[in-house]
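For the numbers below, each heavy atom of this structure counts, side chains included, while hydrogens, waters and symmetry mates do not. These numbers come from a predicted model, not from an experiment. In what follows, chains are A, B, ... by sequence order, proteins preceding strands, each numbered from 1.
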Protein chains: 2
Amino acid sequence: MDCIIFGFQRGELKVLLQQRPFEPHKGEWSLMGGFVQENENLDDAAIRVLTELTGLEGIYMRQIGTFGSINRDSGDRVISVAYMALLDIDQVDDKLNRQHAAHWENIGEVPHLLFDHNQMVALAHRRLRESIPTRPVGFQMLPPLFTLTQLQNLYEAVLGEKLDKRNFRKRIGEMRFIEKTDQIDKLSSRRGAALYRFNYDHFVKGEQPFKL
Amino acid sequence: MDCIIFGFQRGELKVLLQQRPFEPHKGEWSLMGGFVQENENLDDAAIRVLTELTGLEGIYMRQIGTFGSINRDSGDRVISVAYMALLDIDQVDDKLNRQHAAHWENIGEVPHLLFDHNQMVALAHRRLRESIPTRPVGFQMLPPLFTLTQLQNLYEAVLGEKLDKRNFRKRIGEMRFIEKTDQIDKLSSRRGAALYRFNYDHFVKGEQPFKL
DNA sequence: TCAAAAGTGTTAAGTTTACACCCATGA
DNA sequence: TCATGGGTGTAAACTTAACACTTTTGA
């Protein structure tokens, strides 16, 4: 399996890449991946690889697609299931990243990657773009408490377009599961901005399709 | 890989099921599946299995998802990639179907299937429902020339709800790639109904998101 | 006192929905 | 001549998009 790990930092949507630590193709940029063990669920393999690289658990993950061309891997015949993860970059253990020669790259500046990994990134990005306006997806890349401006910047980075502030807030207001807390963020502005959080209890699965 | 094959007949959305021809679980209802060969692209394996069962080529196919729980298969460890196919039931070689102990079952009446095949059917049906209003998908289950009433019946069967005839036709009219021919179908009504066809040339990939 | 980000409503445009009758034909 | 399915338009409800100023506060 291979893992497309998205994060958000300084207004940019980023992907975690690593320099392949072994031959063949040692040093080339690629996604983080691994092999599914005989006694391991496919989904658990994805979680294991993610945890190895980031030290994080309980991360949002989703299957993206399976790539199975005969010669996609230059060595053995390998079929790979791609997973997408969304996480808060600031919670990642930087030391682990360095150990794995991993690096956060802006989505618009991803270099040539090993095998079909560029295709995987493109597909994951498309899925993310398609989902973010209608599904409870995105704030996984923000800290647990976030301001609406941060959330809007995130949406803009994912969609690659500017959004109208008032329309954005109107829609967020309709989403029950993004709730205002009584806490104020004083770091990002003099005036201070209300902090919001995601509330899973207010998200009824299958209900609540929402749009932006 | 396993294959969810959809068809449309007498107002009903149907899935092709087969009675498993070998032990273990011989005789139980299941999806048609097969193993990816060492020298075969994953997608080609899906096409091969579909052709074995139906005798058809050039059929619409799409990857649905990959199922990889440890014990999903009662025998060996098997990870399965599910594919969905859409085809015109009347073009299927009936003899081949009988040879494979295959049977078209209404989507609402699918019995208990082997392993996680019910989940696969549910996922494929969901994807089909999600796609049909926005993507050029559906008419693959009709003959090359079809009337708007046939098309509407198909949409209603997939979505599980009645649609308004005038609104339906208004929207179809906006879709460039569903074009009227000068041919008339005299079988379904005394008056005769205009026949339409799908025109790939008028479908620009990535453009034309359409809704119903 | 001013720079910087937060917060807040209204109107026009566009889209979606609901709805009912006449037409053409073969039996 | 009538039963059957084919074909057609409009108005109301709703949704989306465009738009600009006031507030708060720390430096």
Side-chain angles (χ1 to χ4, degrees), chain A residues 8-11 129-130 132-135 139 142-143 145-157 159-176 178-197 207-212, chain B residues 8-11 129-130 132-135 139 142-143 145-157 159-176 178-197 207-212:
Chain A
F8 178 70
Q9 205 170 45
R10 279 180 241 111
R129 260 186 282 123
E130 286 170 358
I132 205 171
T134 15
R135 316 240 48 212
F139 41 79
L142 294 175
L145 294 177
F146 48 86
T147 69
L148 291 184
T149 301
Q150 285 177 294
L151 189 62
Q152 183 174 344
N153 289 340
L154 168 62
Y155 271 67
E156 290 175 344
L159 296 172
E161 58 180 315
K162 286 274 165 217
L163 299 173
D164 179 273
K165 181 161 62 158
R166 281 181 286 189
N167 292 340
F168 181 82
R169 284 164 185 244
K170 205 184 305 168
R171 264 113 166 200
I172 297 294
E174 289 159 8
M175 301 174 191
R176 295 294 144 67
I178 296 199
E179 61 179 17
K180 198 172 183 168
T181 67
D182 51 8
Q183 296 175 70
I184 303 286
D185 171 69
K186 299 289 291 179
L187 297 170
S188 58
S189 74
R190 305 206 197 293
R191 176 174 173 177
L195 285 164
Y196 288 71
R197 76 170 151 236
E207 224 196 272
Q208 302 264 30
F210 64 96
K211 273 192 139 185
L212 263 164
Chain B
F8 178 70
Q9 205 170 45
R10 279 180 242 114
R129 258 186 284 125
E130 284 169 359
I132 206 172
T134 15
R135 318 240 45 214
F139 42 80
L142 294 175
L145 294 177
F146 49 85
T147 68
L148 291 183
T149 302
Q150 285 176 294
L151 189 63
Q152 183 174 344
N153 289 339
L154 168 63
Y155 271 67
E156 290 175 344
L159 296 171
E161 58 179 315
K162 286 274 165 216
L163 299 173
D164 179 274
K165 182 163 60 159
R166 280 181 287 190
N167 293 340
F168 181 82
R169 284 164 185 244
K170 205 183 307 169
R171 263 113 167 202
I172 296 294
E174 288 159 9
M175 302 173 189
R176 295 294 145 66
I178 295 198
E179 62 180 16
K180 198 171 182 168
T181 67
D182 52 7
Q183 296 175 69
I184 303 288
D185 171 69
K186 298 290 291 180
L187 296 170
S188 58
S189 74
R190 304 208 198 292
R191 175 175 173 177
L195 285 163
Y196 288 72
R197 76 171 149 235
E207 224 195 271
Q208 302 266 30
F210 64 98
K211 272 192 141 185
L212 265 164

As a test of reading the structure: which of [options] is closest to the side chain of [X], going by heavy atoms?
| X | options | answer |
| --- | --- | --- |
| B:K165 | D:dA17, C:dA20, C:dC19 | C:dA20 |
| B:N167 | C:dA6, C:dT17, C:dG9 | C:dT17 |
| B:R190 | C:dT25, C:dA6, D:dA18 | C:dT25 |
| A:K186 | D:dG6, D:dT25, D:dT16 | D:dT25 |

Distance check: side-chain N/O of B:T149 vs OP1/OP2 of D:dG6, anything under 4.0 Å?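 So the side chain of B:T149 is within the cut-off, an N or O lying under 4.0 Å from OP1 or OP2 of D:dG6.
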Rounded distance in Å - [atom1] ([X]) to [atom2] ([N]):
| X | N | atom1 | atom2 | answer |
| --- | --- | --- | --- | --- |
| B:R169 | D:dG5 | CZ | P | 13 Å |
| A:D185 | D:dT25 | CG | P | 14 Å |
| B:R166 | C:dC21 | CZ | P | 10 Å |
| B:I184 | C:dT25 | CD1 | C1' | 12 Å |
| A:E161 | D:dA18 | CD | C1' | 14 Å |
| B:Q152 | D:dG5 | CD | C1' | 12 Å |
| B:D164 | C:dA20 | CG | C1' | 11 Å |
| A:K162 | D:dC19 | NZ | P | 16 Å |

B:L163, B:T149, B:D164, B:L151 screened by side-chain contact (heavy atoms from CB on, under 4.5 Å) with B:R169, the one that passes: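 So the option named by the test is B:T149.
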Under the 3.5 angstrom rule, does the side chain of B:N167 hit a backbone N or O of B:K170 as a donor-acceptor pair?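 Judged by distance alone, no pair lies under 3.5 Å.
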Please confirm whether the backbone N or O of B:E156 pairs with a side-chain atom of B:N153, one donor and one acceptor, at under 3.5 Å?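 No; zero donor-acceptor contacts below 3.5 Å.
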Do A:K170 side-chain and C:dT8 base share a donor-acceptor contact under 3.5 Å?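 No pair found.
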Let's test your reading of the model: under 3.5 Å, does the base of C:dA6 pair with the side chain of A:R191 as donor and acceptor?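 Answer yes: a donor N or O sits under 3.5 Å from an acceptor.
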Between B:I172 and B:L148, is any pair of side-chain heavy atoms under 4.5 Å apart?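 Of all side-chain heavy-atom pairs linking B:L148 with B:I172, at least one is under 4.5 Å.
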Mapping B:S188 and A:S189 onto DNA chain D by nearest heavy atom, which one lands closer to the 5' end?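 Looking at DNA chain D, the more 5' nearest nucleotide goes with B:S188.
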Ring geometry between B:F146 and B:F139 (parallel below 30°, tilted from 30 to 60°, perpendicular above 60°):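 Parallel: the ring planes of B:F139 and B:F146 meet at under 30°.
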